[in-house]
Amino acid sequence: MLVDLDYFYAQSEELRNPSLKNKPVVVCVFSGRTEESGAVSTANYIARGYGVRSGMPIYLAKKKLESVDAAFLPVDEKLYTGTSDKVMQLLRVYADEFEQVGIDEAYLDITKRVQGSFQNAENLANIIKSELRNQLGLTCSVGVGPNKLVAKIAADEKKPDGLTIVEPDRVRGFLEPLAVDRLLGVGLKTAKKMAAMSICTIGDLARYDVQRLISTFGRTRGTYFHNASIGVDDEPVKEKGEAASLSRIATLVQNTSDLRVVLEKANELCVDLYANIVEQKRTFKSVSIILIAKDLSVYSRSRTLESSSNSLELMERVAGELFEAFLSENPIELRRVGVKLSGLSGIGMGQKQITGFFGSRQD
DNA sequence: GTATGCTTTCGGC
DNA sequence: TTACGGCCGAAAGCATAC
């Protein structure tokens, strides 16, 4: 079962301030460049009715709502994390195995407790929906299926406040007419590539020769696409560990190719990241930089250290060198810059390394 | 050949 | 027609090690 909270950020705002419920609510990431620059994070369904969508420039969302009394609110991550924690605590109780995905979704393996019965699963889904509504005042959309892949697509089928059950013998028929981009891993680029191969629906994909898929998309993705198209998926519902990377990205006040301006911002991001790794008592092994040009094209560069570190000075130095090297080779105007730390591990360390070590001894 | 590590890009929310 | 965030993980593509 997949439980997906509806228009989560905007719904959290409605929960805090119920007077928002009868008007368009647009939760925005303001970049700080000008009064209105930035993008829409989430909008409630009233705003969506006016054509507002996630990722849309705020300017455009305002234009679509210019004649309406609408609320444009800045993201309040603390509020949403608090709401999310309560939701997850509630959901966890109903699962044999539980896996939170992002801030607003969770997979629940309920096979054992419903004894494999989809009728029992439907009843449980309805109980969960009522509990979320009555205890927390939130609506969600739920998908139930024989595996994670089908549950996910089922949950997307009816929103908001939906419930879609897909029993095993209905899986093929359910997926067949849907657009390929409903599959996880098929975004704009892959969908275009598939369209050029006359693959538009999941059914088209299911009928396509596996070997051709593999030669076009590679072994891993080709096989995945084929299995996904016929609803085959054996990914377990499994608790996630700590995040493997930590990043900060920010928009510059003006586009620039001036290294000094970039480094000033980069160092701010490093300080923020440093506070985070100190708080989490973690170290980093790689430092990456992310560069977004004025035309919104994205670049990244990274360097792996010889040993793990928790030093702010080293982080700033490596990021600085990467920016310097990039800009001297590509003197382009930048709009946004970011810094990412990966290869994260706890200080003292070694859980992963130790299991990896013993695991590799077997052959 | 297979496994592993690193860098870059893609895609989801 | 333009306009435009901030994260995260997965996978590709390449190099090197076994």
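A note on names: the letters A, B, ... follow the listed sequences, proteins ahead of strands, and every chain is numbered from 1.
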Q: Show which residues join A:V232 in its hydrophobic cluster (side-chain heavy-atom contacts under 4.5 Å, direct or indirect), or state none.
A: A:I230

Q. How are the rings of A:Y7 and A:Y45 set relative to one another: parallel (under 30°), tilted (30 to 60°) or perpendicular (over 60°)?
A. perpendicular

Q | Contact state string [nucleotides 8-13 of chain B, B base, S sugar-phosphate only, - no protein heavy atom under 4.0 Å] | A | SBSSSS

Q. Considering only the P atoms, how many Å lie between C:dC4 and B:dG12, rounded to the nearest integer?
A. 24 Å

Q | Contact summary for A:C270 and A:E316, nearest pair of heavy atoms | A | CB-CG, 3.7 Å

Q) Is any side-chain N of the basic residue among A:D76 and A:R16 closer than 4.0 Å to the acidic one's carboxylate O? A) yes

Q: Before accepting this row, confirm whether a basic side-chain N of the pair A:K129/A:D161 lies closer than 4.0 Å to the acidic partner's carboxylate O.
A: yes

Q: Quick one: name the residues clustered hydrophobically with A:Y107, using the 4.5 Å side-chain heavy-atom rule over I, L, V, M, F, W, Y, and just say none if it's on its own.
A: A:L2, A:V101, A:V237

Q: Could you pull out all residues at least two apart from A:N147 that satisfy side-chain contact (heavy atoms from CB on, under 4.5 Å)?
A: A:L149, A:V150, A:D233

Q | Value in whole Å for how far the P atom of C:dG9 lies from CD of A:E235 | A | 16 Å

Q) Does A:S286 make a side-chain N or O approach to OP1 or OP2 of B:dC6 shorter than 4.0 Å? A) no

Hey, can you pull the donor-acceptor pairs under 3.5 Å for the side chains in residues 61-71 of chain A, sequence neighbours left out?
none

(Q) Looking at A:R248, I'd like to know whether one of its side-chain N or O atoms comes within less than 4.0 Å of OP1 or OP2 on C:dG6. (A) no

Q) Salt bridge check: are A:R207 and A:E176 linked by an N-O gap of less than 4.0 Å? A) yes

Q. Just how far, in rounded Å, is C1' of B:dT7 from CZ of A:F284?
A. 18 Å

Would you list the protein and nucleotides 1-5 of chain C atom pairs, both N or O, that sit under 3.5 Å from each other?
from: C:dC4; atom 1: O2; to: A:G55; atom 2: O; distance (Å): 3.1
from: C:dG5; atom 1: OP1; to: A:S31; atom 2: OG; distance (Å): 3.3
from: C:dG5; atom 1: OP1; to: A:R335; atom 2: NH2; distance (Å): 2.9
from: C:dG5; atom 1: OP2; to: A:R335; atom 2: NE; distance (Å): 3.4

Q: Please state how far atom CG in A:L273 lies from atom P in C:dC8, giving the value in whole angstrom units.
A: 9 Å

Q: Take the protein atom CD1 of A:I292 and the nucleotide atom P of C:dC7, then report the distance between them rounded to whole Å.
A: 11 Å

(Q) Distance check needed: B:dC6 P versus A:L344 CG, whole Å only. (A) 14 Å

**Q.** 5'-most by nearest nucleotide on DNA chain C - A:G222 or A:S247
**A.** A:S247

